[in-house]
2 protein chains.
Amino acid sequence: MKGLGELERSIMDILWAQDTPLTAREVGRLIEDRDLAPTTVMTVLDRLSRKGFLTRTRDGRAWRYQPAASRDAYVAELMLEALDLTGDRDAALTRFARAVSGTEAEILRKALMELEEE
Amino acid sequence: MKGLGELERSIMDILWAQDTPLTAREVGRLIEDRDLAPTTVMTVLDRLSRKGFLTRTRDGRAWRYQPAASRDAYVAELMLEALDLTGDRDAALTRFARAVSGTEAEILRKALMELEEE
DNA sequence: GGGTAGTACTACGTCCCGTAGAGAGGTGGG
DNA sequence: CCCACCTCTCTACGGGACGTAGTACTACCC
């Protein structure tokens with residue numbers, strides 16, 4: 001899939017947190033800590049949509065951007081990708097299971113239960 | 001942690017598959033498909049140990065390299081790192097659980113069971 | 001003592017990403 | 001009607017990571 005850079009991730013975070021598509025200007029306004037040129041934001045949005053992380057639709061002359069997938073889907077995919085790197089998926093999964101904290105193990109257990117029931 | 005490049009990963013794969021530390025020359029001999037200069041292999045081994053993926057010990061004038069951690073540990077860590085990217089760990093975990101195939105769900109379940117017993 | 005092996009250091013091209021300017025083409029206010 | 005402005009697209013530059021390798025030096029074996 002290819003990872004994201006730091007600014008790219010910040011921008012995805014903003015868009016993931018929103019429930020409506022945003023224009024470049026709006027995204028720029030939401031990045032408070034950094035003082036970025038408007039074109040910088042536009043460039044990154046463009047790259048992100050080129051990479052398939054965002055979809056965009058016209059709104060007058062402007063584009064409105066929104067995530068192509070949810071953050072959870074993105075994270076889950078990253079995790080699966082990591083898992084694909086191993087030769088021994090079982091060992092890696094076992095190790096992963098041991099590494100998650102108690103509460104999270106509980107979540108996993110519950111999700112797996114529901115799976116089983118279906 | 002930072003990811004690995006393609007050649008770096010190939011070399012890690014070779015070392016992970018081995019149970020004894022190897023010299024640069026030995027690693028080079030085990031990369032059959034590519035015809036790399038010996039110095040290339042040495043450079044990459046050096047970078048990998050600088051990054052903490054390998055440890056090395058002297059053997060005469062040569063260095064012997066071995067992985068600092070198992071491949072499973074590496075993969076598990078990558079997965080945890082991906083998980084850290086989300087704001088909602090539960091949602092991501094649930095999604096992940098749904099995404100793994102049946103056999104793997106079984107593995108996870110078993111690992112979690114054992115955890116519970118401890 | 002010359003080939004071989006091994007090291008350390010340096011280097012170059014490429015690609016990704018953060019960052020942004022230049023230029024083009026609408027758009028609304030005075 | 002023209003100017004200021006918004007937004008777009010295109011192009012670019014600098015830094016860092018990585019693949020790749022050359023060079024220069026040392027040590028060892030025969």
Side-chain angles (χ1 to χ4, degrees), chain A residues 1-15 20-68 74 78 81-82 85, chain B residues 1-16 18 20-68 74 78 81-82 85:
Chain A
M1 182 171 32
K2 204 57 205 130
L4 297 175
E6 195 181 339
L7 177 55
E8 290 177 331
R9 189 133 48 215
S10 305
I11 287 185
M12 285 306 294
D13 277 343
I14 287 175
L15 287 166
T20 59
L22 298 185
T23 64
R25 181 145 304 252
E26 289 164 346
V27 170
R29 257 194 288 272
L30 290 175
I31 308 185
E32 281 308 328
D33 44 339
R34 310 203 218 188
D35 197 26
L36 295 174
T39 48
T40 300
V41 178
M42 281 193 281
T43 302
V44 175
L45 286 169
D46 195 47
R47 285 183 187 158
L48 284 171
S49 59
R50 224 180 275 279
K51 291 193 221 175
F53 286 99
L54 298 176
T55 60
R56 62 184 198 176
T57 47
R58 279 283 178 195
D59 177 11
R61 272 178 304 129
W63 290 106
R64 290 202 166 270
Y65 294 87
Q66 72 183 326
Y74 168 62
L78 276 187
E81 224 169 85
L85 290 182
Chain B
M1 182 174 27
K2 205 55 203 127
L4 297 176
E6 195 181 336
L7 176 56
E8 289 176 331
R9 189 135 48 217
S10 304
I11 287 184
M12 284 306 294
D13 277 342
I14 287 174
L15 287 167
W16 271 322
Q18 224 67 26
T20 59
L22 298 186
T23 64
R25 179 144 307 246
E26 288 164 347
V27 171
R29 257 193 288 270
L30 290 174
I31 309 183
E32 279 309 326
D33 43 339
R34 309 201 218 189
D35 197 26
L36 296 174
T39 48
T40 300
V41 178
M42 279 194 281
T43 301
V44 174
L45 286 170
D46 194 46
R47 285 184 187 157
L48 284 170
S49 59
R50 224 180 276 279
K51 291 194 224 173
F53 287 98
L54 297 176
T55 58
R56 61 184 198 177
T57 46
R58 278 285 179 194
D59 178 12
R61 272 180 306 131
W63 291 105
R64 291 203 164 267
Y65 295 86
Q66 73 183 326
Y74 169 62
L78 275 186
E81 223 169 84
L85 290 181

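Chain letters run A, B, ... following the sequence lines, proteins first and then strands; every chain starts at 1.
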* According to a strict under-4.0 Å criterion, is R56(A) in side-chain N/O contact with OP1 or OP2 of dT9(D)? -> yes
* To do: Take atom CD1 of I31(A) and atom P of dG18(C), then tell me their distance rounded to the nearest Å.
  => 11 Å
* To do: Taking only the side-chain nitrogens and oxygens of R58(A), find out if one of them lies under 4.0 Å from OP1 or OP2 of dC8(D).
  => no
* **Phosphate-side-chain proximity, K51(B) and dA17(D), N/O vs OP1/OP2 below 4.0 Å** => no
* Which whole-number value in Å describes the distance from M42(A) CE to dA20(C) C1'? -> 10 Å
* Of D59(B), T23(B), T57(B), T20(B), which is the lone residue that meets side-chain hydrogen bond (donor to acceptor under 3.5 Å, both in side chains) with R64(B)? -> D59(B)
* Structure fact -> Nearest heavy-atom contact between G3(B) and K51(B) is O-NZ, 4.4 Å
* To do: Can you check whether any acceptor in the base of dC8(D) is under 3.5 Å from a donor in the side chain of R61(A), or vice versa?
  => no
* To do: Give the rounded distance in Å between these two atoms: CG of L45(A) and P of dA20(C).
  => 15 Å
* Pairwise 5' ranking along DNA chain D for A62(A) and R9(B), keeping only the more 5' one -> A62(A)
* To do: Answer yes or no: side-chain N or O of T39(A) and base N or O of dA22(C) forming a donor-acceptor pair under 3.5 Å.
  => no
* With a 4.0 Å cut-off on heavy atoms, is G28(B) in touch with a base, just the backbone sugar-phosphate, or nothing at all? -> nothing
* To do: Please state whether the phosphate of dG18(C), meaning OP1 or OP2, lies under 4.0 angstrom from any side-chain nitrogen or oxygen of T40(A).
  => no
* When you look at CZ of R50(A), are more than 12 heavy atoms from neighbouring residues, nucleotides or ligands closer to it than 6.0 Å? -> no
* Structure fact -> Note: for R47(A) and Y65(A) on DNA chain D, the residue whose nearest nucleotide lies more 5' is Y65(A)
